[in-house]
> 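Following this message is one structure expressed as C-alpha cells.
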Amino acid sequence: MVDISPFALKQFQSARQARDARFDGQFYIAVKTTGIFCRPICPANLPKEENVEYFVDKAQALQAGYRPCLRCRPDSAPSSWAWKGVETTFLRALKLIEQGELQHATLAELAERVGISDRYLRQLFQHHLGMAPKQYALYHQLMFAKQLLHSSSMSITEVAFASGFNSVRRFNDAFKQVLKLTPSQVRKDTESEHDINHIDLAFKGPLDWQHMLDFYRLRAIEGLELVDELSYQRSFKLGDCNGWFKIYPSKAGTMRVEFKLDDTRQLKALVNQLRRMFDLDADVLHIEQQLGEVAPDLVKRSGIRIPGVWSTWEAGVRAILGQQVSIKAAIGQLNLLASTLQPETISHFPTPQEVGQADLSFLRMPQSRKETLSCFAQFMTHTPDASPEQWLALKGIGPWTINYARLRGASEPNCFLDGDLVVKKMLQQFPSVNTQSVAPWGSYATFHCWSHA
DNA sequence: GAATTCCCCTG
DNA sequence: CAGGTGATATTG
C-alpha cells in the first residue's frame, strides 16, 4: 500500500460508501478478494472495508497486480466517452440530434454511432426527457423553422426545407400541431421584411470576441475574409453550395449571423459549422476553472475560445504555408494562392482539386514545401475525410502541422501545442502546466499561453 | 419483463 | 477456485 494520509483515507472511505462522483478520478478502490480495482462511482456491490485497498493512481493498482473493472472502466482515460459513461452517451446523442442528424440518418444509425442499441437509446430518452428521440428532433426542427420565419426572407417552402423537412405538407401539419399556428400566421406577425437573412446563435458563458477577431484579422485572406471592428465575414463553399456569412454579437449571449446560401437546405450544416468554428458550445467557465486549478495566473483574460478554421483542409494548408515563417509571410502566400487560383473574385478557399491541379510555381517558398502542398492536395482530393493523424504519412507533414490542424481545423479541445515556441516560453513561467495537467483542455491552455505573449 | 453480464463473498 | 448472491446496465 502506498502511503495515504489518515485524513485522505477517511475521505476516500466515505466517498466510496457514497459513490461520490466528485472523487471520481482522484483515487481507485482495489478489492483484495477479487483482484479487481474500480472507480469510486462503480455501480457494483460495495466491498467490505477490510477487503479494500486504496490507490491514488491507476498505475499503482495495476502494479499491485489488480485488473481494471469491466463496468466502471478505471483503465480508460478520464474524459474519454467510456469514462464518462451513459450520461454522456445520451448527451452526445442529444447534441447530434440538435445538429440535425435524424434528418438524414435513422435512429438505428444514430445509436450505432454513439455505441448503443436503438432500443436502449429510446429508453435513455424516455428516462431523461420523457419523449422519444424522433419527437425531440421534430421539436428542434420546428423551433429552428420558427426562428427562420421571423428572421429571414425565405419563402415558407424554403423554410421547410431549410429546417429539415422533405415536404411542405408535412411541415405545415407538424407546425400547426405543435405551435397551434400555421407558418404563414407566424410570418405575418413579424413586423418588417428583412432584405438579408439572419439567424441568431445562442451560447453560454463569456466570449472574448475581440480576442477572436484579433486572431482572425491577423490571418485574414484578402477578398475572402473581412474582419472589421465588430464582425467577421467570409465567402465559402459548403459541398456544392456557395455562400457567404457575417457574424457579430447582438444581444448578450447571442451571435447574429447574416447569410446567403445558394441551397437553403444547407442552412443547418452552416449553423453546425459556425458553432464549431466560433466554439459556441464550449463550457468556458468550467474550462477556465479547471485551468485555474492547474495554474492560477494562466487564465489572464476570460472568454477565450478556439478560433476555428473553416475546414481541416484549409487548416492544413495554412499550417503547411506557415511552417517556419512568420504569420505575415504565410498570409502573403495564402493571398497569392487564393488570388491566383480565382483571379476575378474569390468566392471560396481553393479546394483540394483546384490546388492539386494548379501549377504552384508562382508561390514564393521552398520547392519542397510546394511539393508538400501539392501532395497534400492530391491526398485530400481522394480522401477528404481522412483524420489529420493520417496526414503524417505525407512527406513534409509533421506533428506540428497536424496538431495545428487538429486544433483549428477540427477544433479538438485537447491539443496542447507544447512544441510551439511561445508556449514553450510560457511553460517556464508556469511550471505546473504540461500536456497531462491541462488535459482535457489542452487547446484552451494553448490559447491562454498565446494570449500572454 | 426475462436473460445476460459482472462483481463480491464465502467455504 | 467454485459456487452462490445481489445489483446494474443493456439487449432482444
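In the text below, chain A, chain B and the rest are named by the order of the sequence lines, each starting its count at 1.
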> Reading DNA chain C 5' to 3', what string of ( ), [ ], | and . shows its pairs, if Watson-Crick and G-U wobble pairs count only when both distances fall under 3.5 Å?
||||.||...|.
> Test Asp200(A) against every option in Met255(A), His150(A), Arg256(A) by the side-chain contact (heavy atoms from CB on, under 4.5 Å) rule and name the one that passes.
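So, applying the side-chain contact (heavy atoms from CB on, under 4.5 Å) to Asp200(A) and each of Met255(A), His150(A), Arg256(A), only Arg256(A) qualifies.
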> Can you measure Glu87(A) atom CD to dT8(C) atom P for me and round it to whole angstrom units?
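Value for this atom pair: 17 Å.
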> Can you check nucleotides 7-11 of chain B for protein contacts, nitrogen or oxygen pairs under 3.5 Å, and list what you find?
unit_1, atom_1, unit_2, atom_2, d
dC7(B), OP1, Leu70(A), N, 2.5
dC7(B), OP2, Arg67(A), NH2, 3.2
dC8(B), OP2, Thr34(A), OG1, 3.1
dC9(B), OP1, Lys48(A), N, 2.6
dC9(B), OP2, Thr33(A), OG1, 2.9
dT10(B), OP1, Lys48(A), NZ, 2.3

> My understanding is that only one of Thr435(A), Asn434(A), Asn403(A), Thr446(A) makes a side chain to side chain donor-acceptor pair (under 3.5 Å) with Asp418(A); could you say which?
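Exactly one pass, corresponding to Thr435(A).
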> What orientation do Phe27(A) and Tyr54(A) show, parallel under 30°, tilted 30 to 60°, or perpendicular over 60°?
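If you compare the ring of Phe27(A) with that of Tyr54(A), the planes turn out tilted.
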> Asp281(A) and side chain to side chain donor-acceptor pair (under 3.5 Å): which single residue from Arg305(A), Lys204(A), Arg275(A) fits?
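Answer after filtering Arg305(A), Lys204(A), Arg275(A): Arg275(A).
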> Would you call Glu314(A)-Arg318(A) a salt bridge at under 4.0 Å N-O?
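Judged by the 4.0 Å cut-off on N to carboxylate O distance, Glu314(A) and Arg318(A) do form a salt bridge.
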> Scan Trp310(A), Phe215(A), Tyr232(A) and name whichever one has a ring-ring contact (aromatic ring centres under 6.0 Å, His included) with Phe278(A).
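Answer to the ring-ring contact (aromatic ring centres under 6.0 Å, His included) test with Phe278(A) among Trp310(A), Phe215(A), Tyr232(A): Tyr232(A).
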> When the ring planes of Tyr136(A) and Phe125(A) are compared, do they come out parallel, tilted or perpendicular, using 30° and 60° as the limits?
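Tilted: the ring planes of Tyr136(A) and Phe125(A) meet at 30° to 60°.
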> Between Glu354(A) and Thr351(A) (side chain of the first, backbone of the second, donor and acceptor by atom type, cut-off under 3.5 Å), is there such a pair?
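At least one qualifying donor-acceptor pair exists.
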> Could you check which residues of residues 116-131 of chain A get a heavy atom under 4.0 Å from DNA chain B? Sort them by number, please.
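Residues of residues 116-131 of chain A that come under 4.0 Å of DNA chain B are, in numerical order, Arg119(A).
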> Are the side chains of Ile304(A) and Tyr444(A) in contact, using a 4.5 Å heavy-atom criterion?
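Contact flag for Tyr444(A)/Ile304(A) side chains = no.
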> Decide whether a cation-pi geometry holds between Arg406(A) and Trp391(A); the criteria are a distance under 6.0 Å from NZ or CZ to the six-membered ring centre and an angle within 45° of the ring axis.
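Ring-cation test returns no.
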